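Let me begin by presenting the structure, written as structure tokens, before commenting on it.
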Amino acid sequence: MPVPMVGRAAELEELRHAWERVRGGGRCVPAVLTGLPGTGKSTLAAAAAQVAGAEVVLSGSARLHSPAPYDWLAAVLATHGPRPDLPVPPDALAWLAQDPDVPRERYAPDALLRLAVTAVRALVAGRPAVLLVEDLHALDPASLSLIAELAGADLPALLVVTSRPPDTAADPALAVRALERLAGAPGAVRRHLGPLSAGHVAQILGYAYGDDGPPRELSDAVWRRTGGNPYRLTELLAVAGGRDDLAEHLREPELTAREREVLGCLAEGRSNKQIAGALGISVRTVTVHVSNLLRKTGAASRTEAALWAVQRDTGARTG
């Protein structure tokens, strides 16, 4: 099994079975994959599409910083290029594709939604398809309505949706309703991806370094450092290099008593000014301590340093 799928075998198998239902029944089967950043939602979705081997794959995601109506469909249309054969009025299709030169919207929202569904149906053209929707939590309301409509359509498609928890969405209430509608569709798959276990991390290290099994203390140290987060694990392995280098990279940095106090404040989410007030030192001194902490812990930001501190505390309490 590919390394990225360690710890996700059951989820991938469930998605494979969902795809078989699509091929046999001809209706849309939603598959909702939720989880915190870095837990492998996109990797699992891509693996599901690869396993399916569908002739048609329509993939799109949100524009994280400036969402606009029908972002998902616009991304799909951009990938597939101009399609004058689609049974949608050219001006409406250009608007759905977010053509900057198109005049202001001249269709009612319900009419646009029907045209968007029509465009997707035409792209699928009755063939078993995989529809990949990335970052539902960041999608615009029009895209959420479209995805919900597709979930209940007589469309031969596996609708794979990834999302962070809805409380991180731009509009949490809308995200909750969309996720509930998707999860409530007949035969829907709902999986929440958590961190990898210490055993899964050890298995990945075995793949990465060609060992039958790395030393338990090494794999446990990696698990504590990364919190079992697949993305952070990948980043750590990329930075550390060989196994000996990894062990060296994981050595506990020697922090002064004051640096530990500052680190504890960072873990509590305090600003430099708040830390200075709490510890009775200047903001400039706090800045120096934070800089030293970033260097010693190998963190790229104060947020990463705070996460490093939290993981260390969690590992100490659960070890």
Side-chain angles (χ1 to χ4, degrees), residues 3-4 7 35-43 64-65 135 137-138 164-165 167-168 193-198 200-202 204-205 208-209 214-319:
V3 172
L36 294 173
T39 49
K41 301 180 296 294
S42 296
T43 301
L64 298 180
H65 301 295
D135 299 323
H137 60 278
R164 294 181 187 178
D167 59 358
T168 66
L193 304 186
L196 298 174
S197 68
H200 290 142
V201 170
I204 290 175
L205 292 178
Y209 297 120
R216 174 66 181 273
E217 61 272 14
L218 176 61
S219 62
D220 283 353
V222 171
W223 176 66
R224 289 193 298 270
R225 171 66 66 89
T226 63
N229 183 285
Y231 177 79
R232 292 201 292 270
L233 175 58
T234 300
E235 289 291 293
L236 176 61
L237 294 179
V239 170
R243 194 177 75 175
D244 292 341
D245 295 327
L246 175 63
E248 182 64 29
H249 192 80
L250 290 171
R251 290 188 190 281
E252 287 285 345
E254 294 184 5
L255 304 181
T256 66
R258 181 65 84 187
E259 286 170 347
R260 292 188 181 280
E261 289 178 330
V262 172
L263 185 59
C265 291
L266 289 179
E268 294 172 357
R270 299 191 188 188
S271 67
N272 282 8
K273 185 176 181 180
Q274 291 171 326
I275 296 173
L279 301 182
I281 57 179
S282 70
V283 173
R284 179 179 176 81
T285 300
V286 173
T287 302
V288 172
H289 284 313
V290 170
S291 177
N292 289 338
L293 284 169
L294 296 183
R295 174 177 54 81
K296 290 183 177 182
T297 63
S301 66
R302 60 191 294 124
T303 301
E304 283 191 17
L307 181 61
W308 183 89
V310 170
Q311 289 168 350
R312 278 295 190 279
D313 181 61
T314 301
R317 287 187 281 107
T318 60

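Just so it is clear, the model here is predicted, and its values are computed rather than measured. Side chains included, hydrogens not; waters and symmetry mates left out as well; all remaining heavy atoms used.
- Here the CG-CG distance, from Leu233 to Leu205, works out to 6.5 Å after rounding to the nearest 0.5 Å.
- In this structure, CH2 in Trp223 is found 9.0 Å from CZ in Arg216, a value given to the nearest 0.5 Å.
- Annotation: Arg295, atom CZ; neighbour count of heavy atoms from other residues, nucleotides and ligands within 6.0 Å is above 12.
- Counting all heavy atoms, side chain and backbone alike, Ala267 lies closest to Ala309 at CB-CB, 4.2 Å.
- No side-chain heavy atom of Thr39 sits under 4.5 Å from any side-chain heavy atom of Leu196.
- A donor-acceptor pair under 3.5 Å links the side-chain atoms of Glu259 to the main chain of Thr256, judged by distance alone.
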Show your working on salt bridge (Lys or Arg N to Asp or Glu O under 4.0 Å) between Glu254 and Lys296 and close with a plain yes or no. CA-CA 8 Å; Glu254 294 184 5; Lys296 290 183 177 182; over 6 Å; no
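- Between Thr303 and Leu266, every side-chain heavy-atom pair lies at or beyond the 4.5 Å cut-off.
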Leu237 vs Val222, test: side-chain contact (heavy atoms from CB on, under 4.5 Å). Steps then yes/no. CA-CA 9 Å; Leu237 294 179; Val222 171; 5.5 Å; no
May I have the step-by-step check of salt bridge (Lys or Arg N to Asp or Glu O under 4.0 Å) for Arg258 and Glu261, ending in yes or no? CA-CA 5 Å; Arg258 181 65 84 187; Glu261 289 178 330; 2.8 Å; yes
Please test Asp220 against Val201 for side-chain contact (heavy atoms from CB on, under 4.5 Å), starting from the C-alpha separation and ending with a verdict. CA-CA 8 Å; Asp220 283 353; Val201 170; over 6 Å; no
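- Contact check for Pro195 versus Asn229: no side-chain heavy atoms found under the 4.5 Å cut-off.
- The closest donor-acceptor contact from the side chain of Thr297 to the backbone of Leu293 lies under 3.5 Å.
- Interatomic distance, Ser301 OG to Glu304 CD, rounded to the nearest 0.5 Å: 4.5 Å.
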List the steps, then state whether side-chain contact (heavy atoms from CB on, under 4.5 Å) holds for Arg164 with Leu36. CA-CA 5 Å; Arg164 294 181 187 178; Leu36 294 173; over 6 Å; no
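- Counting only distance, with no hydrogens or angles, the side chain of Lys273 and the backbone of Val283 share no donor-acceptor pair below 3.5 Å.
- Proximity of Leu263 to His289: side-chain heavy atoms (C-beta onward) are nowhere separated by under 4.5 Å.
- Atoms CZ and OG1, on Arg302 and Thr287 in that order, are 8.0 Å from each other to the nearest 0.5 Å.
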